[in-house]
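Because the structure is predicted, anything quoted here is derived from the model rather than measured. Both counts, for ligands and for their atoms, begin at 1 and track the order of listing. As a basis for the values below, the full set of heavy atoms in this structure was taken, side chains included, without hydrogen atoms, waters or symmetry mates.
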Amino acid sequence: MTDRLTETARRRTFAIISHPDAGKTTMTEKVLLFGGAIQLAGTIKGRKAGRHATSDWMTMEKERGISVTSSVMQFPYDGRIVNLLDTPGHEDFSEDTYRVLTAVDSALMVIDVAKGVEERTIKLMEVCRLRDTPIMTFINKLDREGKEPIELLDEVETVLNIQCAPITWPIGMGKRLKGIYHLYADKVILYKPSTERRQDYDEIQGLDNPELDTLLGTQADELREEIELVKGASHEFDLQAYLDGKLTPVYFGTALNSFGIRELLDGFVENAPAPQARPTTTRKVEAAEEPFTGFVFKIQANMDPQHRDRMAFMRICSGKFEKGMKVKHVRIGKDVKIPDALTFMASDREHVEDAYPGDIIGLHNHGSIRIGDTFTMGENLQFTGIPNFAPELFRRAQLRDPLKMKQLQKGLEQLCEEGATQLFKPINNNDLILGAVGVLQFDVVAQRLKDEYKVDAMFEGVNVQTARWVTSTNEKKFDEFKTKAAQNLAYDHAGELVYIAPTRINLQMAQEKWPDIKFHSTREHG
Ligand code: G4P
């Protein structure tokens, strides 16, 4: 089965992380352009959702096709198959982003040259660190004035606590931008702004080359001095340290002008990891194992308005997926046939004939698939690391038409399975309490209940400030806790017990009072 192993080894599955406005969308587009997946710049960019307005976001969601094409994009590059997974831009949907990051083998961090390391980058980096995800860095917008490159590396090292190994280095910036110097290929690539894909950059081999002085004037000597300094002050690229998540190779460029991208992509396919082993509750699954395994990390609704379907996105972890194959749906303990999985080649949804570890396939979901579900060839495995996060915001769902209770419950159950919101049912009353990480999630849920389930629901304030999943190994104490703390207990949509606290102080007091009970701020899906 060398075929399977060769295919696995050439997969590169990654996501782009950045603070809003640093250039993720532009970068995505340029990566696709250089990967030959789209022909024209502006294809993705022009459809970008409003970054701040709910209404814009909704409009984007209504144009469902867009979410499909930008959810997962696959393209060949230099003999490899690259899978780029999109992450939502708005921080209210950060849970989705975290889940997407569980399905990749590496990440690309985009930083704005003028702004440096920003708040969301820090958060996303923390998530990557949980699994030591290897990170490459692209410092963007070189066509503008920004911070000194050395200062930026220093900032990344100290704020993000990761070593930097510059691979390319800018020659000037803003109006003085002349090109980049590739430290390992020892060549200068001269800057030509363009919005299109290009391969025809003028290059000068060797830092000592006198041609440099002719072309760059005084900037040539400045560059030589700077490179000398950089080599002394920064880390050398070390593949193992990068793969361990301890060092990030750094590239410079401008996504808008398609410059520096080629060098980044070349380095990416060369060094970024092929599909990695994945943990389950019982053992690690190696990508090279022959039996097929995979897990669902995302569910998206109604992507095709004609079909009102829901799509479950599965990351393949081992083996080979073939059209029509039977796999075990571990949570429900049944074998299911997967007749018509989709792949995400370029911008079209295509039907999969076969797919390999690292690939993402889309399964039509009629309600039986949840986030976190594992599929195998029969072994009882459960992939881990796909968490639900304790919500920070809570609302009580109220119906305008009380006769629509059934539809409301059904709608909420389904939206929960997609991870769009979380639902809590107090054990002492019939409230339906929704939890979210970002406030926009409520607007989206209300809108979707209306559109898809014909339910007019309102959300009102509720006296809940925080929630924790509760477990205990001491059954007796747990039973006592369930009785005594009943007014604060609820079940989530998966039937797990949750402590819902009106204040943080209340939570703290409960924790002190019940030392035998564990209060968890995340729950594994499944
Ligand atoms: P995001 O997805 O991370 O939020 O960023 P996005 O790509 O939308 O980029 C944010 C803004 O930065 C956009 O400008 C984009 O054109 C610009 N940008 C991206 N890369 C570069 C670059 O290399 N140089 C310069 N100068 N600008 C860059 P905008 O005005 O907000 O949007 P638009 O009107 O151009 O779409």
Legend entry - Per-atom contacts of ligand 1 with A255, taking only distances under 4.0 Å to non-hydrogen atoms: 23 (O)
Inset, instruction - Below 4.0 angstrom from a heavy atom of K24, which ligand 1 atoms are there? Numbered from 1 as shown, please. - result: 1 (P), 2 (O), 3 (O), 5 (O), 7 (O)
Inset, instruction - Pick, from L256, I139, I261, the option with the minimum heavy-atom distance to atom 16 (O) of ligand 1. - result: L256
Inset, instruction - Please determine if K298 forms a cation-pi arrangement with F313, meaning its NZ or CZ atom is less than 6.0 Å from the six-membered ring centre and no more than 45° off the ring axis. - result: yes
Inset, instruction - Name the orientation class of the two ring planes belonging to F14 and F268 (parallel below 30°, tilted from 30 to 60°, perpendicular beyond 60°). - result: tilted
Legend entry - Side-chain heavy atoms of N161 within contact of R129, under 4.5 Å: yes
Legend entry - Numbering as shown, the atoms of ligand 1 that approach P20 to under 4.0 Å (heavy-atom distance): 4 (O)
Inset, instruction - For the pair Q205 and D186, evaluate side chain to side chain donor-acceptor pair (under 3.5 Å) and give the outcome as yes or no after the intermediate values. - result: CA-CA 6 Å; Q205 194 63 44; D186 186 25; 4.9 Å; no
Inset, instruction - Ignoring hydrogens, just give me the one of T25, I16, I17 whose non-hydrogen atom is nearest atom 2 (O) of ligand 1. - result: T25
Legend entry - Atom indices of ligand 1 within 4.0 angstrom of T254 heavy atoms, with elements: 22 (C), 23 (O), 24 (N)
Inset, instruction - Ignoring hydrogens, just give me the one of N257, D21, L142, D143 whose non-hydrogen atom is nearest atom 25 (C) of ligand 1. - result: D143
Inset, instruction - Go through the side-chain N and O atoms of Q414 and Y453 and say whether any donor and acceptor fall under 3.5 Å apart. - result: yes
Inset, instruction - Please work out which of the three classes, parallel, tilted or perpendicular, describes the rings of F237 and Y242, given edges at 30° and 60°. - result: tilted
